[in-house]
Amino acid sequence: MRTNKDKVIKTVVSGVIRHPAWPEGLEANRAGGLSALPGCGGITYDIMAGDSAYGWAADHLEPGASTHNPDEKERMCYYTVCCMGNKAEVIGGNAEGAEGYVVAKHAGAWHVVIEFDQRDLREMHIKDQVQVVAYGTGLKLLDYPDVHVNSIDPECLEAMDIEEKDGKLHVPVAGVVPAVLMGSGMGSSRPMGDVDFMTSDWEHIKRCGLHELKLGDIVMVNDIDTSYGAKFQEGAASIGIIVHGDSVFSGHGPGITFFMASAKPLLIPVIDKTANIRKYHDKAYGPIEPMKRKKVK
């Protein structure tokens, strides 16, 4: 695909690893009980992109380090210009120099979820500062003006090897989500934010072939256009990345952060169970490596 990536700038933004937070009190889960489970925010050990989006004793589970910018005026800039697949680095503390990449972004919490090597995660602390090379905002597909792109690293997008055929884009995805399942986040006016698909009817999830989805997987949602906010549009399609895991709450489930959308039937899914942001980051930039540790004399 021809893009304008030669005109897209690279800039540096920073955030900090955020402490997990809860709303006041407990909330009713979809089974009628009360729930308070970890998963959103903080540092999550041992769970990475490529691990299941389901089955954990957690809610809205975010892999790796969950970061945000604590300054109210800078927060949305950090969230907006960071793109999936961007390089990241810890710039202070015991894990200074550790390198990672952006998995995806969690709207509402305004978290930029970043994966690091597991050994490095164990050296990190809440409020450690992370710097991201923001690259991708303003990206366009020059031959497809009706296909909108947002929040994706241009090198990672190229690594997906999207095929052009008969004026349409054939995109590798791990699964296809029907519009009827879309829940929390629908109706948002934020272009290509994140929207959960509901998992309360597990048998329907299995019939749709979505029961094996993993964190970081790339998926397509049919009949939903997220170009300028999440809305139903027959024939439309949106493509995004699983940013967080399942939820016990009504209207919620794994969240999809969108990076490509069209109101027209121009996006064709090609099922590839290995389609994951980790795979494409590694192809574009190489696997993340643990930081070099100082030798003890």
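Fair warning: this is a prediction, and the values are worked out from it, not measured in the lab. Atom set for the values below is all heavy atoms of this structure, side chains included, hydrogens, waters and symmetry mates excluded.
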Quick check on the hydrophobic clustering: are [X] and [Y] connected, directly or via other members, by side-chain heavy-atom contacts under 4.5 Å?
X	Y	result
Leu121	Val103	no
Ile271	Leu210	no
Ile277	Val81	no
Val90	Met48	no
Val149	Val173	yes

Can you list everything that forms a side-chain contact (heavy atoms from CB on, under 4.5 Å) with [X]? Sequence neighbours excluded, please.
X	result
Cys83	Asn86, Thr137
Glu164	Met1, Tyr144, Leu169
Val12	Gln131

Practice item. Given side-chain contact (heavy atoms from CB on, under 4.5 Å), test Val147 with Met260 step by step and report yes or no. Key: CA-CA 7 Å; Val147 176; Met260 182 179 289; 3.6 Å; yes

Considering all heavy atoms of both residues, which atom of [X] and which atom of [Y] are nearest to each other, and what is their separation?
X	Y	answer
Pro290	Arg119	CG-NH2, 3.2 Å
His111	Cys40	CE1-SG, 3.8 Å
Asp120	Ala95	O-CB, 4.0 Å
Asn4	Lys140	OD1-N, 2.7 Å
Pro178	His204	CG-NE2, 4.4 Å
Asp282	Pro287	OD1-CA, 3.4 Å

Approximate separation, where rounding is to 0.5 Å, of [X] [atom1] and [Y] [atom2]:
X	Y	atom1	atom2	answer
Asp246	Leu215	CG	CG	10.5 Å
Asp143	Arg2	CG	CZ	4.0 Å
Ser247	Met198	OG	CE	12.0 Å
Ser262	Lys168	OG	NZ	10.0 Å
Lys5	Lys10	NZ	NZ	8.5 Å
Ile239	Ile224	CD1	CD1	14.0 Å

Heavy-atom distance under 4.5 Å between the side chains of [X] and [Y], does that happen here?
X	Y	answer
Glu96	Glu123	no
Val130	Asp128	no
Val219	Val176	no
Val132	Ile114	yes
Leu157	Leu139	yes
Val195	Ile256	no
Val270	Ile162	no
Val171	Ile268	no

Exercise for review: If a pair satisfies ring pair (Phe, Tyr, Trp, His ring centres under 6.0 Å) and one of its residues is in residues 83-103, list it, with sequence neighbours excluded.
Suggested key: Tyr101-His281

Review point. Under the ring pair (Phe, Tyr, Trp, His ring centres under 6.0 Å) rule, what pairs show up with a residue in residues 157-185, not counting sequence neighbours?
Key: none

Practice item. For the pair Met182 and Val221, evaluate side-chain contact (heavy atoms from CB on, under 4.5 Å) and give the outcome as yes or no after the intermediate values. Key: CA-CA 9 Å; Met182 300 311 289; Val221 181; 3.8 Å; yes

Strictly distance-based, threshold 3.5 Å: is any side-chain N or O of [X] a donor or acceptor partner for the main-chain N or O of [Y]?
X	Y	result
Lys105	Cys82	yes
Asp153	Glu155	yes
Asp194	Phe258	no
Asn69	Val16	no
Thr199	Gly253	no
Asp117	Glu289	no

Exercise for review: Give every residue pair that meets the side chain to side chain donor-acceptor pair (under 3.5 Å) criterion with at least one member in residues 208-222, sequence neighbours excluded.
Suggested key: Asp217-Asn276

Check your understanding: Which pairs pass side chain to side chain donor-acceptor pair (under 3.5 Å) with one or both residues in residues 40-58, sequence neighbours excluded?
Key -> Asp46-Arg122

Review point. Do NZ/NE/NH1/NH2 and the carboxylate oxygens of Glu115 and Arg278 come within less than 4.0 Å?
Key: yes

Check your understanding: Of the options Ile205, Val177, Ile242, which is the one that meets Pro254 in a side-chain contact (heavy atoms from CB on, under 4.5 Å)?
Key -> Ile242

Practice item. Test Tyr78 against Thr67 for side-chain hydrogen bond (donor to acceptor under 3.5 Å, both in side chains), laying out the working first. Key: CA-CA 10 Å; Tyr78 177 69; Thr67 70; 2.6 Å; yes

Review point. Stepwise, does the side-chain contact (heavy atoms from CB on, under 4.5 Å) test hold for Leu61 with Ile47?
Key: CA-CA 9 Å; Leu61 172 65; Ile47 298 172; 3.7 Å; yes

Test of understanding: with ring pair (Phe, Tyr, Trp, His ring centres under 6.0 Å), list the residues that count as partners of [X], not counting sequence neighbours.
X	value
Tyr280	none
His60	His106, His244, His252
Phe259	none
Tyr228	His148

Check your understanding: Step by step, would you call Met160 with Lys279 a side-chain contact (heavy atoms from CB on, under 4.5 Å)?
Key -> CA-CA 9 Å; Met160 291 178 64; Lys279 170 183 174 180; over 6 Å; no

Review point. How about Asp6: does its CG atom have over 12 heavy atoms from other parts shown lying under 6.0 Å from it?
Key: yes

Practice item. With sequence neighbours left out, write down each residue that passes salt bridge (Lys or Arg N to Asp or Glu O under 4.0 Å) with Arg75, or none if nothing qualifies. Key: none

